[in-house]
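Here's the structure we're looking at; comments come further down.
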Amino acid sequence: MPRIIGSRVIVTCPGRNFVTLKIETDEGVYGLGDATLNGRELAVASYLAEHVVPCLIGRDAHRIEDVWQFLYRGAYWRRGPVTMAAIAAVDTALWDIKGKLAGLPVYQLLGGASRDGVMVYGHANGRDIADTVAAAQHYKELGYKAIRLQSGVPGLASTYGVSKDRYFYEPADADLPTENVWSTEKYMRSVPPLFEAAREALGWDVHLLHDIHHRLTPIEAGRLGKDLEVYRPFWLEDATPAENQANFRLIRQHTTTPLAVGEIFNSIWDAKQLIEEQLIDYVRATVVHAGGISHLKKLASFAELHNVRTGCHGATDLSPVCMAAALHFDLAIPNFGVQEYMRHTEETDAVFPHAYRFEDGMMHPGDAPGLGVDINEKLAAKYEYKRAFLPVNRLEDGTMFNW
Ligand code: CS2
Ligand code: MG
């Protein structure tokens, strides 16, 4: 059996910080896991180095579920974004090892392909509606079948999802949190015209998505959902904060617009009521933040029982290691919905060479044994960690709000 003989935490910053766990075995095979938690990277790096790695040495790398249960139950302080990202990195690396030793791509170990490719959505954003629609047309020309629309809001200096350099949206932008200003009223007025212009320009054969990013009350989300029904959104994401899962009952009472939530979820418990009561249509939890491939597969199976599909988070702050793992997962599960794909920069792709490919709006993880992604440690070492916080948000009267 492949015994774990070493494990290292690699922190690198090719334009943004990434944390990668590398687990080595006595059979000369190693596995990789993404452990990146945007804005809290060193918390996970330290949790891994101090409280996980010492417990891995000597273990059987094939015993993925047992290691998962050891790290979850053995933590005592269960769940939470830091713990579950650390567990995710170990789990993902062990699936990588298992695939390499079996000579199979991980999706084959998960039951084989349930589809030929994975539909992904790109991020069209712009300063105003015209700019955003032009970006969306560019994504349509690139072959995307699903496009997220995020536009600047008249009267607001900044808003979620609108990047400075258009394509590579990275919100962690400063050594201390940047303060943004928010107005729900200005925002709510801006979204229906955005969708009207987008449908006018792009037609109906492309899925259009939008991320509210936790910023509405349930009744406001119900109103916006109803306003947008005529434009058939593929989903409204993070319509309202989901700590109180019952919030979504209110939204459901007012609109049939599909709802997606969960990129900040770190375990099945964060989504149990939402799924059981069919309060959402897509669950966004992802490999790196929700306990790895093993736990995400359990979450997807639970969702399958309740007509809920997956729509994994895939922002630039999830590394190519997570992207690769997500594509294996997406290819295999029966209730796949869509995969977010915010392309990484060339610098990042050079640090993390990978087999996954984009073609005509779809992606495939490739058939390399394991995850089909690697880390160029020499290159990674050139990019020093650089602290970067996500922004915070205040209302126009100064009240602290949700970013
Ligand atoms: C966003 C992310 O991709 C998304 O849907 O919500 O950009 C999110 O803001 C970042 O991943 C936070 O680090
Ligand atoms: Mg989001």
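In each ligand, atom 1 is the first atom listed, and ligand 1 is the first ligand listed. Bear in mind that the values here come from a model prediction, so they are computed numbers and not experimental data. Positions are given from 1 along the sequence.
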Can an N, O or S atom be found in D238 less than 2.8 Å away from the Mg ion (ligand 2)? no

Mind checking whether R16 contacts ligand 1 via backbone (N, CA, C, O), side chain (CB onward), both or neither, at a 4.0 Å heavy-atom cut-off? neither

Structural part of Y341 in contact with ligand 1, heavy atom criterion under 4.0 angstrom: neither

Please answer whether the main-chain N or O of Q150 pairs with a side-chain N or O of N125 as donor and acceptor at a distance below 3.5 Å. no

Donor-acceptor contact below 3.5 Å, side chain T286 vs main chain H289: no

Give the atom numbers and elements of ligand 1 that come within less than 4.0 Å of a heavy atom of [X].
| X | result |
| --- | --- |
| L390 | 13 (O) |
| Y169 | 7 (O) |
| N38 | 13 (O) |
| E237 | 5 (O) |
| W403 | 9 (O) |
| M342 | 3 (O), 7 (O) |
| D317 | 10 (C), 11 (O), 12 (C), 13 (O) |

[atom]: nearest protein contact (heavy atom, Å):
| atom | answer |
| --- | --- |
| atom 6 (O) of ligand 1 | E263 OE2, 2.5 Å |
| atom 3 (O) of ligand 1 | E340 OE2, 2.4 Å |
| atom 7 (O) of ligand 1 | Y160 OH, 2.9 Å |
| atom 9 (O) of ligand 1 | H213 NE2, 2.8 Å |

The Mg ion (ligand 2) -> E237, closest N, O or S atom is OE2

Decide side chain to side chain contact (heavy atoms under 4.5 Å, CB included) for Y72 and H295; before the verdict, give the C-alpha distance in whole Å, the side-chain angles of both, and the deciding distance to 0.1 Å. CA-CA 11 Å; Y72 182 80; H295 192 63; 6.0 Å; no

Test of geometry: compute the angle OE1(E263)-the Mg ion (ligand 2)-OD2(D211) and round it to 10°. 170°

If you draw the axis of the six-membered ring of [Y], does the NZ or CZ of [X] fall within 45° of it and under 6.0 Å from the ring centre?
| X | Y | value |
| --- | --- | --- |
| K100 | Y30 | yes |
| R16 | F18 | yes |
| R148 | F234 | no |
| K298 | W269 | no |

Under the side chain to side chain contact (heavy atoms under 4.5 Å, CB included) criterion, do L259 and L279 qualify, and how do the steps go? CA-CA 8 Å; L259 300 173; L279 300 179; over 6 Å; no

In terms of the angle between their ring planes, are [X] and [Y] parallel, tilted or perpendicular, with boundaries placed at 30° and 60°?
| X | Y | answer |
| --- | --- | --- |
| Y187 | W182 | tilted |
| H213 | Y160 | parallel |
| Y341 | Y356 | perpendicular |

Does any N or O atom in D211 lie less than 3.5 angstrom from one in ligand 1, N or O only? yes

Between H313 and ligand 1, does any nitrogen or oxygen pair lie at a separation below 3.5 Å? yes

